[in-house]
Structure formats: structure tokens, C-alpha cells
> 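My questions all concern the structure below.
These numbers come from a predicted model, not from an experiment. Chain identifiers are assigned alphabetically (A, B, ...) following the order of the sequence lines, protein sequences preceding nucleic acid strands; residue numbering begins at 1 within each chain.
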Amino acid sequence: MSVIVYTENWDGKFKKSSYELVSYAHAIATELGVETIAVSIGQVADDQLNVLANYGATKVLCAINEKFTVLDNAAYASVIARAAKANNASVVVFANNFTGKAVAPRVAVKLEAGMANSVTALPISFDPFVVPKNISNGKANGKQQINSEIKVISLAQNSFGLKENEGTLTIEAYDAELDDSKFSTQLVEKNTVSGKIILTDAELVVSGGRGMKSPDNWGPIEELASILGAGIACSRPVADEGWRPHSEHVGQTGKVIAPNLYIACGISGAIQHLAGVNSSKVMVAINTDPEAPFFEAADYGILGDVKTVLPQLVEAAKKFKAHQ
Amino acid sequence: MKILVCLSNVPDTTTKIKLSGDKSAVDMTGVQWVINPWDELALTRALDLKEKSGGKIEKITVITVGESYTEPTIRKALAVGADDAVRINMMPTDDYEVASNIAAYLKDNPYEIVLSGIESSDYNGSAVGGMLAEFLKVPSVSSVSFLDIEGEEPILKREIPGGTETVKVPVPFVAIVQKGIALDPRIPAMRGIMMARKKPLTVVEPTGESAKSTFIEFGMPQPKAKVKMIDPENAGELITLLHEEAKII
Ligand SMILES: Cc1cc2nc3c(=O)[nH]c(=O)nc-3n(C[C@H](O)[C@H](O)[C@H](O)COP(=O)(O)OP(=O)(O)OC[C@H]3O[C@@H](n4cnc5c(N)ncnc54)[C@H](O)[C@@H]3O)c2cc1C
Ligand SMILES: Cc1cc2nc3c(=O)[nH]c(=O)nc-3n(C[C@H](O)[C@H](O)[C@H](O)COP(=O)(O)OP(=O)(O)OC[C@H]3O[C@@H](n4cnc5c(N)ncnc54)[C@H](O)[C@@H]3O)c2cc1C
């Protein structure tokens with residue numbers, strides 16, 4: 001018996017979120033008294049793979065095929081489902097991110113398994129198997145009971161944290177026996193910006209709304225973000241107006257993020273905006289309107305003009321970083 | 001070529017959530033039902049493609065798994081231009097059941113392109129599209145922000161962390177769509193609403209598998225502690241608090 005965890009890599013590297021996921025899978029495996037087995041798809045160096053042991057994995061199965069450089073949902077799902085069956089998995093764990101959303105549902109069907117998506121903590125009970133998750137974009141929550149023999153769950157981003165563990169792991173090459181006919185996604189072109197903090201990965205985020213008044217006023221937001229090492233986000237009208245790129249739009253119809261810190265500058269706090277950010281650990285609202293709904297959602301508030309408040313934050317952040 | 005758009009019937013996003021007395025259900029009385037925003041955009045894109053296809057795309061069908069109360073939402077989709085609609089008559093309790101029942105229907109009624117949304121705004125499952133593709137054993141592309149048909153070949157863009165990828169997959173396939181697939185949803189015009197009444201809405205009985213999961217209880221988020229206000233003349237204090245009190249920087 002085992003808990004299988006799919007540890008995605010980015011150009012051969014794992015991220016903190018991979019370790020969080022292994023920590024989570026290991027906590028479940030410990031409760032069930034079974035082994036934690038990671039599945040890795042694509043080329044990853046052994047020193048990277050070995051780090052997974054620090055979070056509780058005792059084995060990692062490495063599937064390698066040059067075709068894995070392009071995500072093919074069906075092929076990836078085949079590898080993971082096959083590994084789950086071969087290792088008698090009772091639970092299969094994914095991250096609720098781009099790849100998780102693309103692959104996990106297919107794995108669930110292959111394993112005839114019920115699936116819970118965006119789970120926010122450890123199972124509430126194991127028999128029956130019940131997990132907590134948010135519904136209605138965080139406006140409510142639910143306890144979902146999965147009744148199938150195998151359970152597929154995806155963990156909400158930044159909801160569990162890292163749990164270190166002492167141990168070693170064995171690395172096994174895994175032959176998924178996929179012939180070329182199993183791959184059908186053909187990559188035509190790839191466009192990525194390098195060197196920028198990826199918003200969905202960012203632990204700190206500074207965000208601007210219509211209260212910033214003009215695209216020319218983003219200087220202090222960019223400066224504050226760069227000092228703190230934060231990502232930059234915006235409200236929908238800001239992206240719609242073309243003040244900022246669409247990739248920065250957060251909310252119900254944009255990206256959903258869960259950073260440790262979200263600083264909202266001149267954003268009213270409409271329910272559709274909050275739907276994308278209300279899983280942030282700490283939220284700060286800077287707004288001139290004492291009635292702005294964001295003050296009800298925020299942990300810290302500054303009733304003031306972004307024009308005068310942001311430069312103060314930039315100075316304070318500089319001082320803080322200089323003393324660290 | 002035919003396109004099928006999956007429609008999830010959801011409460012309007014501004015709906016205040018109420019729970020039933022025993023917390024076993026979300027109280028749906030007085031709820032304003034709408035087409036899930038992603039599905040509305042998927043439909044808009046499908047209609048755009050049909051209109052510029054010069055007859056190559058013959059038909060846009062919408063499908064919902066739900067009881068009769070979902071019909072006003074289905075009629076809205078017909079009013080903006082879908083050609084016909086299918087309702088699988090059941091009250092689904094999870095994404096597995098929804099996907100399995102749509103797949104069962106498609107076995108005898110194939111479509112080249114199936115569109116679903118990345119997430120339904122009520123239960124946030126993010127699963128129906130991917131599950132459907134697996135039941136049908138066809139390719140799926142997720143986080144799709146662009147779909148076009150060049151000649152005979154569909155071309156898609158998907159949003160990956162930090163960028164986009166342009167990809168091709170052979171038909172039939174399922175595209176799971178998100179922001180970007182269309183800008184604004186179409187609004188039904190009077191003429192469309194009149195015509196929608198005459199368009200076919202076929203009701204079929206479920207032949208797929210049953211659910212694998214169920215919600216046993218619902219709750220409301222913990223009320224947040226009151227916001228702590230910081231003097232705007234001394235805003236730098238925030239950085240100290242984030243470090244010493246919140247301990248996040
Ligand atoms: C179906 C649907 C989906 C939507 N999806 C999204 C979404 O995904 N994301 C999203 O963001 N929105 C979304 N919206 C829009 C949302 O309802 C709001 O209209 C939007 O979030 C408002 O953006 P804003 O806060 O930047 O602008 P506004 O609401 O105009 O707020 C500007 C704020 O700035 C403050 N302000 C003004 N000047 C200053 C100053 N000098 N200093 C400090 N504060 C100042 C004002 O008091 C005000 O509170 C959606 C709407 C619908 C109907
Ligand atoms: C009163 C009521 C009670 C419900 N009770 C439960 C419950 O107890 N447990 C539970 O899990 N669900 C329940 N549902 C939700 C219903 O079963 C959902 O349709 C199903 O769970 C899929 O939702 P999802 O959030 O997983 O969809 P997602 O996978 O997030 O949806 C993604 C996309 O799949 C398509 N899609 C989703 N649902 C449908 C559908 N029904 N028909 C056609 N296409 C669809 C749409 O394109 C959508 O954009 C209830 C719904 C209602 C109205």
C-alpha cells in the first residue's frame with residue numbers, strides 16, 4: 001500500500017511547493033501506515049530527487065521519455081495511474097496548479113476514483129475518507145467524502161507548509177511503457193518571460209487597482225515589489241484598460257493566488273476580486289475610502305492616498321532590508 | 001464539424017451563501033441562476049468560430065447535466081445563438097457523475113470539439129473537462145485561452161506558469177477553457193430570446209456511472225479579526241508589523 005504523490009519539475013528542478021506536497025502526502029501516509037512514493041516525469045538529477053527524502057518520500061519513480069518535455073495530459077495521466085496501480089495506492093496527491101488541473105481528473109477516471117480538488121488541510125477522517133475544501137471561491141467550505149477505493153486529491157496552494165523528515169530514499173527508473181501513439185499534443189510555439197517572479201508562485205504580492213489612477217503611477221508598486229521580492233498583480237479593470245498585462249489580473253475571472261502577503265493598493269475589494277485573493281495569509285488594504293469593502297477582508301489597513309503611502313512603504317522596506 | 005459546449009448552471013456570483021439548518025446543503029431558495037462564466041465565454045468563442053467558418057462548423061450544441069430547474073439557463077444559451085441543447089435529467093452530486101453521463105451521451109452522438117470551463121464557480125471541482133476526455137479516451141488541453149481553426153486544423157493556446165504555449169491536438173478533443181478564450185460574453189437580444197423558445201432542447205435520461213463522492217457538510221469561513229488600521233502619516237509602521245507581528249517578511 002502507498003500514497004502516491006506527483007512531484008512536478010520545472011526544467012529539472014523542484015520548487016518549495018513540491019516539498020510542501022511531499023510533506024502533505026507523507027502526513028497522510030503516516031496516518032495510514034503506508035509508504036510515500038513520489039512519481040517524477042521527465043529528466044531530474046539525482047541530487048534534486050534526493051531532497052524529496054527530507055520531506056518523507058521513501059521512493060521516487062522516475063519516468064523518462066524525451067516526449068515528456070511537452071505536457072501531454074493523457075500520457076502523463078497514464079504514467080501516474082499506472083504507478084498508482086502497481087504500488088497499490090490508496091491515495092494519489094497532486095498540487096492544484098496548472099499541471100495538476102490538467103492531469104489529476106484523467107488519473108481519477110483511470111483509477112475509477114473520486115476526486116477532491118483544492119483540498120485545504122489533512123483529511124478530517126480516513127474511514128470514511130473526508131477532506132475539507134473551499135467552495136464558491138472561498139465564500140463557504142465543505143467536507144467532501146470520497147467513497148471509491150482509491151482517492152485522488154489535489155492540495156490547495158500554500159495551505160500545508162513544509163514538514164521536514166529524516167530519511168533516505170531509493171530512486172527507481174520507471175518504465176511507463178508508452179509508445180509514441182500515446183502522445184498527441186504537438187507544441188507549435190512557446191512564449192515565456194524569464195527572470196520575472198511567476199505570480200502564482202509568489203509568496204508576497206503587491207497589487208494595484210483603479211485607484212492608482214494611471215499606468216504611469218506603477219513605479220512605487222514595482223519598486224516595493226522588487227525590494228520585497230514580490231510578484232505584481234492587478235484588478236480586472238486595470239488589465240482591461242491595458243494599464244497592466246493580462247497575466248497580472250487576479251480574481252474570479254483571472255488568476256487565483258494564495259500568497260503569504262497581498263498588498264492591495266487602490267482596489268475597492270469587490271467580491272469577484274476577493275475570490276482570487278482571499279486565501280492569502282495576510283492582506284493589506286490601502287484606500288482613501290473608509291467604506292471600501294477591502295477593509296472588511298484585510299488584516300491591516302491604511303486609510304490614505306497611494307501617492308503618499310506607497311513612497312513611505314518603499315522607504316521603510318529599504319531600511320528593513322538594509323538591516324537584515 | 002460540430003462543437004459541444006458544457007454548461008454548468010451556477011448561482012450568480014454575487015449570491016450570499018446560506019446553509020440549510022443542518023448544514024448538509026447550501027440553501028438555494030431565491031438564487032439567481034446563471035451560466036458558469038467560463039462556459040459563457042466558451043459558448044461565445046464557439047459562436048464566433050461558427051460564424052466565420054463559412055459553414056464548416058455546422059452546429060453548436062450546449063449540454064447540461066441537471067434537473068428541469070436548469071432549463072432557463074439552457075434557454076439563455078440558445079438565445080445567444082446555440083443551435084440546440086441537451087439536458088441529461090438528473091441531479092449530479094460530483095464531477096465524476098457529470099463527466100461520465102456526458103461521455104455516455106457522446107458515445108452515440110459524437111462531436112469533434114468539446115469545450116468545458118476550467119472551474120465551476122459553485123463547487124470549484126476543476127475536473128469535469130479532464131474526466132470527460134479520459135472517459136472518451138480523447139486528448140485534452142487545459143487552461144486554454146485561445147482556440148482557432150486554420151483550414152481543417154484546430155490550434156490552441158494554453159496558459160502555462162510564466163507564459164503561453166501554442167499547441168495542436170487531433171480531433172476529437174476536449175478543450176478546458178479559461179480567461180482569454182473570449183473577451184465579453186454575448187448578451188441575448190429580443191429576437192434571440194423569441195427564437196430560443198423554438199430551438200430543440202432534448203431531455204435524455206442518465207446512462208452513465210454514479211458519483212464517487214459527496215459533500216456531507218458545509219460551513220462558513222471563520223469571521224476575520226477586525227482590520228488593524230495604521231496611521232497614513234506613519235505608513236512605514238506596516239513593514240515593522242509585517243515582520244514582528246505577522247512574521248511574514
Ligand atoms: C462576472 C464578473 C467577474 C469579475 N471578475 C473580476 C476579477 O477577476 N478581478 C477583478 O479585480 N474584478 C473582477 N470583476 C470586477 C469587479 O466587480 C470590480 O469592478 C473590480 O474589481 C474593481 O476594480 P478596482 O478595485 O481596481 O476599481 P474600483 O472599484 O474603481 O476601486 C478603486 C478603489 O481605489 C480607491 N482609490 C481611489 N483613489 C485612490 C487613491 N489615490 N489612493 C488610494 N485609494 C484610492 C477608491 O476608493 C476605490 O475603492 C468582475 C466583475 C464581474 C461582474
Ligand atoms: C442544489 C445542488 C446541489 C448539489 N450538490 C452537490 C453535492 O452535494 N456534491 C457535489 O459534488 N456537487 C453537487 N452539486 C454540483 C453538481 O453536481 C456539479 O455540476 C458537479 O459537482 C460538477 O461541479 P464541479 O464544481 O466539480 O465542476 P467543474 O469540474 O469545476 O466544472 C468545470 C466545467 O465542467 C462543466 N460542467 C460542470 N458541471 C456541469 C454540469 N452539471 N453539466 C454540464 N457541464 C458541467 C462546465 O463546463 C464547467 O465549466 C450540486 C448542485 C446543485 C445545483
Side-chain angles (χ1 to χ4, degrees), chain A residues 73-74 98 101-102 105-106 108-110 113-118 130 134-137 139-148 184-193 198 200 228 252-254 260-261 271-272 281-282 284 295 297-304 309 312-313 315-317 320, chain B residues 13-14 17 26 37 94-96 99 118 121-127 129-131 133-135 139-143 155 159-170 179-180 212-221 224-225 227-230 232 235-236 238-239 241-243 246 248-249:
Chain A
N73 298 348
F98 166 75
K101 283 190 180 133
R106 298 196 71 127
V109 171
K110 279 184 182 295
M115 175 174 161
N117 176 58
S118 201
V130 179
N134 286 333
I135 62 164
S136 299
N137 303 313
K139 280 196 281 179
N141 51 62
K143 295 179 182 168
Q144 190 176 350
Q145 176 173 326
I146 306 181
N147 301 316
S148 51
S184 57
T185 308
Q186 180 198 341
L187 182 64
V188 180
E189 194 185 330
K190 186 170 178 152
N191 277 307
T192 48
V193 266
I198 293 172
T200 44
L228 294 174
Q252 184 192 307
T253 47
N260 289 331
L261 173 65
I271 192 155
Q272 299 93 350
K281 296 256 153 67
V282 174
V284 179
F295 285 127
D299 303 278
Y300 297 101
I302 303 178
L303 182 63
V309 169
Q312 294 181 59
L313 295 184
E315 282 318 304
F320 168 70
Chain B
T13 50
T14 51
I17 303 241
V26 179
D94 78 351
D95 22 38
Y96 200 94
I118 184 93
S121 65
D122 49 2
Y123 290 88
N124 303 161
S126 284
M131 287 183 169
E134 189 59 43
F135 277 118
S140 58
V141 182
S142 191
S143 304
I155 184 138
E159 298 291 310
I160 59 169
T164 57
E165 281 181 352
T166 306
V167 298
K168 283 182 182 168
V169 286
K179 175 180 161 72
K212 301 272 184 198
S213 72
T214 168
F215 279 92
I216 53 169
E217 197 184 311
F218 294 95
M220 301 303 281
K224 251 197 131 129
V227 57
K228 185 166 190 167
M229 297 305 286
I230 293 159
L238 174 69
I239 301 292
L241 287 170
L242 291 177
H243 178 60
I248 46 167
I249 61 169

> Does any heavy atom of chain B fall under 4.5 Å from the side chain of F320(A), the backbone, both, or neither of them?
side chain

> Going by side-chain contact (heavy atoms from CB on, under 4.5 Å), K190(A) matches just one of T164(B), T166(B), I160(B). Which one?
I160(B)

> Among I17(B), D122(B), T14(B), I155(B), single out the residue with the greatest number of heavy-atom pairs under 4.5 Å to chain A.
D122(B)

> For N124(B) and S118(A), test the side chains for any donor-to-acceptor distance below 3.5 angstrom and give the result as yes or no.
no

> Is there a side-chain contact between L242(B) and V282(A), using heavy atoms and a 4.5 Å cut-off?
yes

> Sort I302(A) into side chain, backbone, both or neither according to what part of it lies under 4.5 angstrom from a heavy atom of chain B.
both

> Got S142(B) and N73(A) here, is their nearest side-chain heavy-atom distance under 4.5 Å?
yes

> What distance do K212(B) atom NZ and I146(A) atom CD1 have between them, rounded to the nearest 0.5 Å?
11.5 Å

> Counting only heavy atoms closer than 4.5 Å, note whether E315(A) contacts chain B via side chain, backbone, both or neither.
neither

> Where the side chain of Q312(A) meets the backbone of A235(B), is there a donor-acceptor pair that is under 3.5 Å apart?
yes

> Less than 4.5 Å to any heavy atom of chain B: does that hold for the side chain of I135(A), its backbone, both, or neither?
both

> Apply the test side chain to side chain contact (heavy atoms under 4.5 Å, CB included) to residues N147(A) and T214(B): give CA-CA distance (whole Å), side-chain angles for both, the deciding distance (0.1 Å), then the verdict.
CA-CA 8 Å; N147(A) 301 316; T214(B) 168; 3.9 Å; yes

> From I239(B) CD1 over to L228(A) CG, what is the distance, rounded to the nearest 0.5 angstrom?
5.5 Å

> Side chain, backbone, both or neither: which part of A297(A) has an atom under 4.5 Å from a heavy atom of chain B?
backbone

> Under a 4.5 Å cutoff for heavy-atom pairs, which residue among A225(B), G180(B), A133(B), A99(B) has the most contacts with chain A?
A133(B)

> Please determine, among Q272(A), K143(A), K110(A), the option with the most heavy-atom pairs under 4.5 Å with chain B.
K143(A)

> When heavy-atom pairs shorter than 4.5 Å are enumerated against chain B, which of A116(A), S184(A), A113(A) gives the highest number?
S184(A)

> Starting from the C-alpha separation in whole Å, work towards a yes-or-no answer on side chain to side chain contact (heavy atoms under 4.5 Å, CB included) for E217(B) and V130(A).
CA-CA 10 Å; E217(B) 197 184 311; V130(A) 179; over 6 Å; no

